There are 2 protein chains.
Amino acid sequence: MRTSCRFAVAVHVLAVLAYREGEAVSSSRLAASVNTNPVVIRRLLLLLQTAGFIETRKGAGSGSRLSREPTKISLAEIYRAVETDEPFASHSKRPNQACPVGHCIQAELEKVFASAEAALQEELAKTNLAKILKSVHVYCSAPNKDLR
Amino acid sequence: MRTSCRFAVAVHVLAVLAYREGEAVSSSRLAASVNTNPVVIRRLLLLLQTAGFIETRKGAGSGSRLSREPTKISLAEIYRAVETDEPFASHSKRPNQACPVGHCIQAELEKVFASAEAALQEELAKTNLAKILKSVHVYCSAPNKDLR
DNA sequence: TCTTATGTAACTCTACGCGTTACATTTGTC
DNA sequence: GACAAATGTAACGCGTAGAGTTACATAAGA
């Protein structure tokens, strides 16, 4: 199976930015929250910029902040922004076209893959960043504690 | 993303067995249709045996055949039989528990992942092997031609 | 006994994601 | 202008996983 944690980290990062409500957060601080390397975060931030979720500025005291309301960012959009491949992969080599099944199986599978992928994204679209953030607030009784 | 083509190949193999309607098919012939190595097929056949989709016998003239009607084999079952990992992966390292977001983001993500995975499988459950086979027949005007 | 086929181990090749270091560049501050 | 802080980005190493391949022991029918 595909096993990239980009989607998980992307939601995490955006949740932190939403939690900080417009304050600029550096890649180092985001990396400290995710527990990874700042460069990994910066690579991800580029994708989130392209998708229009965040703005990033260079220089001292700068960093990234949300450029869209958390209610306007669905998990499906985040998924599409950072996940390049589809969850399904077809044959690595072309099936034998002389076999009736091999001849048309890929076309059939493509339809199945497409509908499954659509169902997955529709489910993700039901949740947005604000909902995720709400859960964070529920679990976190002391929201003003120093986070890194 | 996860990118194993096991699911695609599994559907392909089962479709060939369904097409052959109970006739024993060797891993070599299945491999020829999929266009891969027989050992790759055999490894997959073991999973399909465990799932109860097929029976396999050794010896001359033997091979695998379906042990369940194509209408009784849904794509969701095939998916679960051969795909070990989930389409989503969480953080590679544990998030910073001192951060409010890091502290509870994984639990929230698990819920999201579970519902998305469920939606995906529900969509796959709408299709079964018989439907796939039907499409093959539609496309294939000469079903008795020599297939390998 | 011979042939055919599976089960399975062991190995290589390849691709990819993550992590890391390094550095040029930009931007704000003193 | 000098300095500090931050991003953008290249380059590399590491670990993992799937696919493909070879080889061989074992089973089963002819």
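Lettering follows sequence order; numbering is per chain, from 1. Model, not experiment: these values are computed from the prediction.
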Take B:Q106 and B:E110 through the side-chain hydrogen bond (donor to acceptor under 3.5 Å, both in side chains) test and state the conclusion after the steps.
CA-CA 6 Å; B:Q106 285 191 308; B:E110 284 307 317; over 6 Å; no

Please pick, from C:dG17, D:dG29, C:dA5, the nucleotide with the shortest atom-to-atom distance to any side-chain atom of B:S26.
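Ranking C:dG17, D:dG29, C:dA5 by closest atom to the B:S26 side chain puts C:dA5 first.
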
Which residue pairs pass the salt bridge (charged side-chain N to carboxylate O under 4.0 Å, His left out) test with at least one member in residues 61-71 of chain A, sequence neighbours excluded?
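Pairs touching residues 61-71 of chain A that pass the test: A:R68-A:E77.
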
Please give, in whole Å, the distance from [N] [atom2] to [X] [atom1]?
X: A:F7; N: C:dC18; atom1: CZ; atom2: P; value: 14 Å
X: B:D85; N: C:dC16; atom1: CG; atom2: P; value: 17 Å
X: B:I41; N: D:dG18; atom1: CD1; atom2: P; value: 16 Å
X: B:L47; N: C:dT6; atom1: CG; atom2: P; value: 16 Å
X: B:L45; N: C:dG7; atom1: CG; atom2: P; value: 7 Å
X: B:H91; N: C:dC18; atom1: NE2; atom2: C1'; value: 14 Å
X: B:R6; N: D:dA17; atom1: CZ; atom2: C1'; value: 9 Å
X: B:R94; N: C:dC18; atom1: CZ; atom2: C1'; value: 20 Å

Within less than 4.0 Å of OP1 or OP2 of [N], is there a side-chain N or O belonging to [X]?
X: A:S92; N: D:dG20; value: yes
X: A:S27; N: D:dT7; value: yes
X: B:Q49; N: C:dT6; value: no

Using a strict threshold of under 4.0 Å (side-chain N to carboxylate O), is an ion pair present between B:E83 and B:R80?
no

What does B:L46 touch in the nucleic acid at a heavy-atom separation under 4.0 angstrom: a base, only the sugar-phosphate, or nothing?
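Sugar-phosphate contact only - B:L46 comes under 4.0 Å of backbone atoms but never of a base.
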
Listed partners of B:S26 passing side-chain hydrogen bond (donor to acceptor under 3.5 Å, both in side chains), at least two apart:
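For B:S26, no residue satisfies side-chain hydrogen bond (donor to acceptor under 3.5 Å, both in side chains) once neighbours in sequence are set aside.
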
side-chain hydrogen bond (donor to acceptor under 3.5 Å, both in side chains) partners of residues 40-55 of chain A, not counting sequence neighbours, each pair once:
A:S27-A:R42, A:Q49-A:T56

Residues at least two apart in sequence or cross-chain that pass ring-ring contact (aromatic ring centres under 6.0 Å, His included) with B:F7, listed by chain then number, are A:F88, B:Y79

Using atom names, set out every protein N or O paired with an N or O of nucleotides 21-26 of chain D below 3.5 Å, distance rounded to 0.1 Å.
from, atom 1, to, atom 2, distance (Å)
D:dT21, O4, B:R43, NH1, 3.4

How do B:T56 and A:C5 order along DNA chain C: which one's closest nucleotide is nearer the 5' end?
B:T56

Taking side-chain contact (heavy atoms from CB on, under 4.5 Å) as the definition, give me every residue that meets it alongside B:A81, ordered by chain and number, with sequence neighbours left out.
B:A51, B:F53

